[in-house]
Amino acid sequence: MNNQSSHHFFTGLLLAVAVLAVLILLPFLTPVVLALALAVIFGPIYRFFLRIFCKNKERSNFASFLTLLLVALIVLVPSFFIVGKLYTEIQDMYYFLTEEAGRSEIITLLNSITQWLSHALFDLFPAYSFDTLNITEYLQVGLEWAFSNLDTLFTGLSRVLLGIFIGFLALFYFLRDGKELKRQIISLSPLGDADDERILNRLEQAVYSIFAGSLIVGIIQGILTGIGFALFGVPNPAVWGSIAAVAALIPGIGTSLILVPGILYLFFTGATGPAIALLVWGMIAVGLIDNILGPILVNKGIKIHPFIILLSVLGGLAFFGAIGFILGPLVLALLFALLEIYRTSRI
């Protein structure tokens, strides 16, 4: 067998084995990818623990374990609490809307809003009546979808726990052996070492920009919106806070898409004081997060338009399912990092 035939055979064998390896590892792709993103975001904290407890050693089991505990406290514990709260509130909303009392309350509220608008416009237009509108039918469809997805999450609890275990194990090793892994990737790459360094650095910046600069800020705004709703008496604060976290990604609108209806709800149900308090809460607690924390995090990464990030979240949800909320932006981070490298170096 000549050298060319040997080369073709080896290339084909390598591709076949690589495909098999991908298929074997594919069930664990989600927790591993999430662990990689968390390793980038919490890498500075890991390096801080190295300086404090390990005298600047390159790797340490202890520092990695401490960072893992911190991630569990910041990410895992609140996530379980929010998902449990969502499950309960969506159940309550579904049962409320299937009863005649729920439909009547919503219709009455909508009629009050249209009557107020008609009076505000000097009665130039008659107030629209929602008495014949079966609005609960549309709301029930959305709630049934949300309920079924949360129900799937709970019924697949063993799979979720396995994913969490794999993810945290991967995060431990990514933190501890990240530098060595980076050196191995550079040594295996056919590109120059300088180009490899630039690509990996851009990827890290892109993860910061999308995850820290947009998603984390959106999640914090959603949590603060939910807290405000709970404090001032808007029903189902966890549901609306979760929606506000996604709405925070919409450029120019953000959490006001959820906060304004919440304020109007309180106003038209006679709770004028809580409505004003929620307005102040929205401007101060929620608004300042976007204006102060957002730029600090975004400046550490590649600047990507919030509308593109929103599309990546929605597209990720449609393509990957619930985990697409994270995977969609991560794929976008990879794309923009590579495009930036291509633009500057024409690899």
Side-chain angles (χ1 to χ4, degrees), residues 30-82 163-187 193-194 196-224 245 248 285 288-304 309 325-327 329-330 333-334 336-337 340:
T30 297
V32 170
V33 168
L34 291 177
L36 187 58
L38 289 173
V40 172
I41 294 172
F42 287 91
I45 296 176
Y46 169 72
R47 292 187 287 273
F48 170 77
F49 287 146
L50 279 178
R51 290 195 301 271
I52 298 299
F53 299 108
C54 308
K55 298 180 180 179
N56 283 321
K57 291 197 301 184
E58 184 174 294
R59 61 201 296 267
S60 166
N61 289 332
F62 181 67
S64 185
F65 181 71
L66 282 180
T67 310
L68 215 62
L69 288 179
L70 187 63
V71 172
L73 289 174
I74 294 175
V75 177
L76 200 58
V77 174
S79 296
F80 274 115
F81 173 78
I82 292 172
I164 292 173
F165 173 75
I166 295 295
F168 270 79
L169 195 62
L171 177 58
F172 177 86
Y173 289 116
F174 282 144
L175 289 169
R176 193 192 69 175
D177 303 323
K179 287 188 176 181
E180 177 61 28
L181 179 62
K182 185 176 180 179
R183 283 194 291 265
Q184 290 181 10
I185 292 173
I186 292 174
S187 67
D193 290 355
D196 289 329
E197 286 281 358
R198 291 182 63 201
I199 289 173
L200 293 175
N201 289 337
R202 291 289 184 178
L203 275 174
E204 183 175 336
Q205 291 173 0
V207 169
Y208 266 117
S209 181
I210 290 179
F211 280 83
S214 296
L215 291 184
I216 291 178
V217 170
I219 290 170
I220 293 174
Q221 287 183 304
I223 292 172
L224 290 175
L288 287 181
I289 290 295
D290 192 36
N291 295 323
I292 296 177
L293 183 60
I296 293 174
L297 295 174
V298 170
N299 286 338
K300 298 182 68 175
I302 299 173
K303 294 184 179 180
I304 299 174
I309 297 176
F325 185 80
I326 301 296
L327 286 183
L330 187 60
L334 176 61
F336 274 84
E340 178 68 16

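Heavy atoms only: backbone and side chains are in, while hydrogens, waters and symmetry mates are out. In this chain, numbering begins with 1 at the start of the sequence shown.
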Could you state the interatomic distance from [atom1] ([X]) to [atom2] ([Y]), rounded to the nearest 0.5 Å?
X	Y	atom1	atom2	value
L224	Q221	CG	CD	8.0 Å
I74	I45	CD1	CD1	5.5 Å
F49	F42	CZ	CZ	10.5 Å
L50	F62	CG	CZ	11.0 Å

Give me the atom names and distance for the closest heavy-atom approach of [X] to [Y].
X	Y	answer
T67	Y46	OG1-CA, 3.4 Å
F172	L68	N-CD1, 3.9 Å
S64	L175	OG-CB, 3.7 Å

Query raised in the report: If you look only at pairs with a residue in residues 165-177, which of them pass as a salt bridge (Lys or Arg N to Asp or Glu O under 4.0 Å), with sequence neighbours excluded?
Result: R59-D177
Give the table of side-chain donor-acceptor pairs shorter than 3.5 Å for residues 164-171, with sequence neighbours excluded, one pair per line with atom names and distance.
none

Query raised in the report: Which residues satisfy the ring pair (Phe, Tyr, Trp, His ring centres under 6.0 Å) test with F48, sequence neighbours excluded?
Result: none
Query raised in the report: Does the pair V40 and F174 meet the rule for a side-chain contact (heavy atoms from CB on, under 4.5 Å), with working shown?
Result: CA-CA 9 Å; V40 172; F174 282 144; over 6 Å; no
Query - Criterion side-chain contact (heavy atoms from CB on, under 4.5 Å) on I223 and I219, from CA distance to verdict - result: CA-CA 6 Å; I223 292 172; I219 290 170; 3.9 Å; yes
